[in-house]
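Heads up: the structure comes next, in structure tokens.
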Amino acid sequence: MKKLMIIALVMLSFNAKANLEEQLSAIHKAEKAEVKKIQEAKEAKRLAALEAERVKREAEERQRAIVEKNRAKKAQIAAQREADIKSERLSDKYREQAFEDEMRQLQLDEMRMELAERKAMSNARITKADAFAENEVQKATAQVEMQRAKTDVIQSLADVSRKNAESDAILKSKVGDALVEKAKNPDTYNVDIKKKEEW
């Protein structure tokens, strides 16, 4: 407003002769120009503020997008890390289970082998015991058979001796009877007694 006053004074001093209407018109035009300039400045300021607001909003949106993208990336990395840890834990668990299964299988195999060895040893002992018992039975049977054979030989020898004795007694009895008969009938019997005694 002060500028207008100054402009008006300057114009009055230069155009003292000018008509009052022209001066008022000039002041009015100057005021209008100043108002227009102020309005344009205000509009430019408002547009600049709007542009600054828009730029600020876009920057904030970009920043939010970056933050969201980073948050999503971090979440994805965390989820991937969690999945990796879980996968590793499962792998460790499966490895441990496989190892435990293998150890159990080895223990079972060892127990089976030990059982088979015990069975084999037991069977060997039984077989040995059976063979020993059979051998002892065979020895006892052989001894019994030998004793029977000895008994049979002794019995046979005794039978032979008895038979010989009986035969000898019969023969002697017969020879005695023959001698008695010969003595009764010397012509009928001809027995050589010496020959009998050689028997």
What distance do Arg57 atom CZ and Arg54 atom CZ have between them, rounded to the nearest 0.5 Å? 8.5 Å

Are Asp177 and Glu181 packed together at the side-chain level, in the sense that at least one heavy-atom pair is separated by less than 4.5 angstrom? no

Determine, for Arg162 against Glu166, whether the closest basic-nitrogen to carboxylate-oxygen distance falls under 4.0 angstrom. yes

Name the one of Gln80, Lys73, Lys74 that satisfies side chain to side chain contact (heavy atoms under 4.5 Å, CB included) with Ile77? Lys73

Separation between CZ of Arg148 and CD of Gln155, rounded to the nearest 0.5 Å: 14.0 Å

I'd like to know if the side chain of Asp101 pairs up with that of Gln97 as donor and acceptor (distance under 3.5 Å, no hydrogens or angles considered). no

Are Met113 and Glu117 side-chain neighbours, meaning at least one heavy-atom pair lies under 4.5 Å? no

Reported NZ-to-NZ distance for the pair Lys184 and Lys182, which is rounded to 0.5 angstrom: 15.0 Å

Between the side chains of Glu53 and Lys56, is the shortest nitrogen-to-carboxylate-oxygen separation below 4.0 Å, so that they form an ion pair? no

Measuring only between side-chain heavy atoms, which start at C-beta, is Arg71 closer than 4.5 Å to Glu68? yes

Separation of Leu108 CG from Leu115 CG (nearest 0.5 Å): 11.5 Å

Does Asp92 pair with Arg89 as a salt bridge, N-O distance under 4.0 Å? no

Rounded to the nearest 0.5 Å, what separates atom CD1 in Ile154 from atom OG in Ser161? 11.5 Å

Leu106 and Phe99: same hydrophobic cluster, using ILVMFWY side-chain contacts below 4.5 Å? yes

Neighbour count >12 (heavy atoms, 6.0 Å) for atom CD, Gln76: no

Can you tell me if Arg104 has over 12 outside heavy atoms packed within less than 6.0 Å of its CZ? yes

Taking atom NZ of Lys29 and atom NZ of Lys36, what is their separation to the nearest 0.5 Å? 13.0 Å

Is the shortest distance from a Lys or Arg side-chain nitrogen in Arg46 or Glu43 to a carboxylate oxygen in the other one below 4.0 Å? yes

Is the number of heavy atoms from other residues, nucleotides or ligands under 6.0 Å of Glu58 CD greater than 12? yes

When you measure from the side chain of Ser87 to the backbone of Ala83, do you find a donor-acceptor pair of N or O atoms at a distance under 3.5 Å? no

